[in-house]
Amino acid sequence: MPVTIDQVISLAASIGACLSAIAAFLAVRQVSKQRESSYKPELVLSKTIFECLPNPQSKKQIPSVWTPKAKTEEELNLYRSFSMPLRNVGLGAAKSIKVTWSFPIEDVVATVNEIAQKSLVPAYFKYDNEMLSLKSEVMGGSVSAWRNQKNQNIDFVLPAPVDTAPIELVLPHAYIQLVSALIHFSARSESFEHLEDIPSLKLDLEFVDIGGGHHKSEFSISTGIISVTGKGEAFHGYVESHNRA
């Protein structure tokens with residue numbers, strides 16, 4: 001049966017309408033993707049060089065005051081928690097950020113106690129019920145509540161072009177204390193092989209964007225040692241992050 005001109009015109013019109021619908025769908029999807037990308041935040045941590053100095057409140061304790069390098073003398077004498085700059089290099093704000101820290105604390109405690117014995121330092125760390133304690137007749141005692149350091153919350157982090165000042169993300173005190181002890185006792189025993197085994201600190205960030213989308217970032221924060229002074233009275237190093245996913 002021969003095809004008429006009317007049928008050809010009708011078929012062409014149908015094909016044209018179909019192609020127009022496909023083009024419109026692709027355009028809408030592209031706009032949707034652009035809108036989603038305009039919401040998406042991206043959180044990053046900056047490498048931080050630090051110096052570890054004795055606690056000004058007690059020179060006999062393990063040097064565990066980490067402070068960013070190249071500060072003024074007045075700032076160096078100011079005792080405060082050590083932090084890494086957290087920035088949002090994405091296009092949208094990050095909200096309701098849940099911060100979760102983790103590291104093999106029990107394994108590190110065992111390693112530090114072993115090094116302390118080799119260095120003949122009368123000090124012993126104990127980890128029980130998520131509480132880290134140090135007992136020493138020479139250095140005194142201390143307690144670090146790991147249970148209260150594992151989780152933090154941040155209300156929001158604006159995009160870097162909007163707010164150039166970073167959020168200071170405080171590193172857990174228990175991690176700093178154990179790493180400081182590991183380095184100090186290694187220097188006292190003149191055995192530095194454990195400096196290659198400084199544990200990484202894992203960081204998980206969960207947050208939402210302004211469109212309500214949920215996101216997650218995973219980091220591994222490593223500690224590197226540049227130099228150690230004397231018998232571990234002080235040391236110089238850095239912390240830097242690597243994406244785990």
Engineer: Hydrophobic cluster mates of Val170, side-chain heavy atoms under 4.5 angstrom, ILVMFWY only, any path?
Structural biologist: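 In the cluster with Val170 there is nothing else; it is isolated.
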Engineer: Going from CD on Glu106 to OG1 on Thr111, what distance comes out if it is rounded to the nearest 0.5 angstrom?
Structural biologist: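 So the gap between those two atoms works out to 12.0 Å.
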Engineer: Please examine the side chains of Ile198 and Ile183, heavy atoms only from C-beta on, and report whether any two atoms are closer than 4.5 Å.
Structural biologist: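 Counting from C-beta outward, Ile183 and Ile198 do come under 4.5 Å.
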Engineer: So how far is it from Thr48 OG1 to Trp66 CH2, rounded to the nearest 0.5 Å?
Structural biologist: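 Going from OG1 on Thr48 over to CH2 on Trp66, the span is 11.0 Å.
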Engineer: My understanding is that only residues two or more places apart in sequence, or in another chain, count here; which of them pass side-chain hydrogen bond (donor to acceptor under 3.5 Å, both in side chains) with Lys150?
Structural biologist: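 So Lys150 forms a side-chain hydrogen bond (donor to acceptor under 3.5 Å, both in side chains) with Glu130.
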Engineer: For the pair Asn88 (side chain) and Gly92 (backbone), establish whether a donor and an acceptor sit closer than 3.5 Å, ignoring hydrogens and angles.
Structural biologist: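 Checked: pair present.
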Engineer: Look at the side-chain heavy atoms of Ile, Leu, Val, Met, Phe, Trp and Tyr, link any pair under 4.5 Å apart, and say whether Phe207 and Leu158 land in one connected group.
Structural biologist: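 They do not share one cluster, since no chain of ILVMFWY contacts under 4.5 Å joins Phe207 to Leu158.
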Engineer: Ignoring hydrogens, what is the shortest heavy-atom contact between Ser180 and Ser64? Give both atom names and the distance.
Structural biologist: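 Heavy-atom minimum between the residues: OG-CA, 3.6 Å.
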Engineer: Decide whether Leu43 and Val208 are clustered together by the hydrophobic rule: side chain heavy atoms of Ile, Leu, Val, Met, Phe, Trp, Tyr closer than 4.5 Å, transitively.
Structural biologist: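 Each belongs to a different hydrophobic cluster.
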Engineer: Ala123 and Ala116: which non-hydrogen atoms are nearest, and at how many Å?
Structural biologist: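 That would be O-CB, 3.8 Å.
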Engineer: According to side-chain hydrogen bond (donor to acceptor under 3.5 Å, both in side chains), who are the partners of Gln152, at least two apart in sequence or on a separate chain?
Structural biologist: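 Expected list: none.
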Engineer: If you look at every heavy atom in Ser186 and Ile115, which pair is closest and at what distance?
Structural biologist: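 That would be N-CG2, 3.6 Å.
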Engineer: Roughly how far apart are His184 NE2 and Ile62 CD1, rounded to 0.5 Å?
Structural biologist: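 If we round to the nearest 0.5 Å, His184:NE2 and Ile62:CD1 are 6.0 Å apart.
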Engineer: How many angstroms lie between atom CG of Asp128 and atom OG of Ser133, to the nearest 0.5 angstrom?
Structural biologist: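 So the CG of Asp128 and the OG of Ser133 are separated by 8.0 Å.
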Engineer: Taking side chain as C-beta onward, heavy atoms only, is Met84 less than 4.5 Å from Ser46?
Structural biologist: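 The answer is no; the side chains never approach within 4.5 Å.
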Engineer: Are Ile154 and Leu171 joined in one hydrophobic group, where the rule is that I, L, V, M, F, W and Y side chains link up if heavy atoms are under 4.5 Å apart?
Structural biologist: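 Looking at the clustering, Leu171 is in the same group as Ile154.
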Engineer: Could you walk me through whether Leu86 and Leu205 pass side chain to side chain contact (heavy atoms under 4.5 Å, CB included), step by step?
Structural biologist: CA-CA 11 Å; Leu86 175 67; Leu205 300 176; 4.3 Å; yes
Engineer: Got a salt bridge between Lys216 and Glu218, using NZ or NE/NH1/NH2 to carboxylate O under 4.0 Å?
Structural biologist: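 Looking at Glu218 together with Lys216, the answer is yes, because their closest N to O distance falls below 4.0 Å.
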Engineer: Please say yes or no: joined through hydrophobic side-chain contacts below 4.5 Å, possibly via intermediate residues, are Val239 and Val44 part of one cluster?
Structural biologist: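 Per the 4.5 Å side-chain linkage, Val239 and Val44 are not co-clustered.
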Engineer: Counting C-beta onward and ignoring hydrogens, is there a side-chain heavy-atom pair between His215 and Asp209 closer than 4.5 Å?
Structural biologist: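 A side-chain contact under 4.5 Å exists here.
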Engineer: Looking only at heavy atoms, what is the nearest atom pair of Ser200 and Ser220, with distance?
Structural biologist: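 Taking Ser200 first and Ser220 second, the nearest heavy atoms are CB-OG, 3.4 Å.
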Engineer: Under a 3.5 Å cutoff, is there a donor and acceptor pairing between the side chains of Tyr238 and Ser222?
Structural biologist: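 Distance-only check fails for Tyr238 and Ser222.
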Engineer: Restricting to non-hydrogen atoms, name the atom on Ile221 and the atom on Ser241 that form the minimum distance, rounded to 0.1 Å.
Structural biologist: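 In this case the closest contact between Ile221 and Ser241 is CG1-CB, 4.1 Å.
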Engineer: Under 4.5 Å between any side-chain heavy atoms of Val99 and Glu206, yes or no?
Structural biologist: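 The answer is no, as the side chains (C-beta and beyond) never meet within the 4.5 Å cut-off.
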Engineer: Looking at residues at least two apart in the chain, or sitting in another chain, which of them share a side-chain hydrogen bond (donor to acceptor under 3.5 Å, both in side chains) with Lys135?
Structural biologist: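 For Lys135 there are no side-chain hydrogen bond (donor to acceptor under 3.5 Å, both in side chains) partners, ignoring immediate neighbours.
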Engineer: Give a yes or no answer on whether the side chain of Glu233 reaches the backbone of Lys231 with a donor-acceptor pair at less than 3.5 Å.
Structural biologist: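 Pair found, side chain donor or acceptor close to backbone of Lys231.
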Engineer: Please lay out, stage by stage, how Glu51 and Val65 fare under the test side chain to side chain contact (heavy atoms under 4.5 Å, CB included).
Structural biologist: CA-CA 8 Å; Glu51 292 179 326; Val65 179; over 6 Å; no
Engineer: Does a salt bridge link Asp204 with Lys98, judged by any charged N lying under 4.0 Å from a carboxylate O?
Structural biologist: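 No salt bridge links Asp204 with Lys98.
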Engineer: NZ of Lys118 to CG of Asn113: how many Å apart, nearest 0.5 Å?
Structural biologist: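 Reported value, rounded in 0.5 Å steps: 12.5 Å.
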Engineer: For residues 137-145, which side-chain N or O atoms pair as donor and acceptor with protein atoms under 3.5 Å away, sequence neighbours left out?
Structural biologist:
| from | atom 1 | to | atom 2 | distance (Å) |
| --- | --- | --- | --- | --- |
| Ser142 | OG | Gln177 | NE2 | 3.0 |
| Ser144 | OG | Gln149 | NE2 | 2.8 |
| Ser144 | OG | His173 | ND1 | 2.8 |
| Ser144 | OG | Ala174 | N | 3.4 |

Engineer: Looking at Ala160, is its backbone amide N or carbonyl O close enough to the side chain of Thr164 to form a donor-acceptor pair, meaning the two atoms are under 3.5 Å apart?
Structural biologist: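 Absent.
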Engineer: Does the ring centre of Phe82 sit less than 6.0 Å away from the ring centre of Phe50?
Structural biologist: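 For Phe50 and Phe82, the ring centres are under 6.0 Å apart.
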Engineer: Sub-3.5 Å donor-acceptor pair from the side chain of Asp163 to the main-chain atoms of Ala165, do we have one?
Structural biologist: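 Side chain of Asp163 to backbone of Ala165, a donor-acceptor pair under 3.5 Å: yes, one is there.
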Engineer: CZ/Phe219 to CZ/Arg244 distance, rounded to the nearest 0.5 angstrom?
Structural biologist: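 It is 9.5 Å, given to the nearest 0.5 Å.
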Engineer: How far apart are the C-alpha atoms of Val179 and Ile176, what are their side-chain angles, what is the distance that settles it, and do they pass the side chain to side chain contact (heavy atoms under 4.5 Å, CB included) test?
Structural biologist: CA-CA 5 Å; Val179 171; Ile176 290 176; over 6 Å; no
Engineer: Can you pull the ring pair (Phe, Tyr, Trp, His ring centres under 6.0 Å) pairs that have at least one residue in residues 122-156, sequence neighbours excluded?
Structural biologist: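 Checked against ring pair (Phe, Tyr, Trp, His ring centres under 6.0 Å) - neighbours excluded - the pairs reaching residues 122-156 are Phe103-Trp146.
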Engineer: Decide side chain to side chain contact (heavy atoms under 4.5 Å, CB included) for Arg147 and Asn129; before the verdict, give the C-alpha distance in whole Å, the side-chain angles of both, and the deciding distance to 0.1 Å.
Structural biologist: CA-CA 8 Å; Arg147 66 173 69 171; Asn129 197 25; 2.8 Å; yes
Engineer: Quick check: does any side chain N or O of Arg87 sit under 3.5 Å from a backbone N or O of Ile167, one acting as donor and the other as acceptor?
Structural biologist: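 Answer holds: no.
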Engineer: Search all heavy atoms of Val108 against all heavy atoms of Pro199 and return the closest pair with its distance.
Structural biologist: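 Where Val108 meets Pro199 most closely, the heavy atoms are CG2-CG, 3.5 Å.
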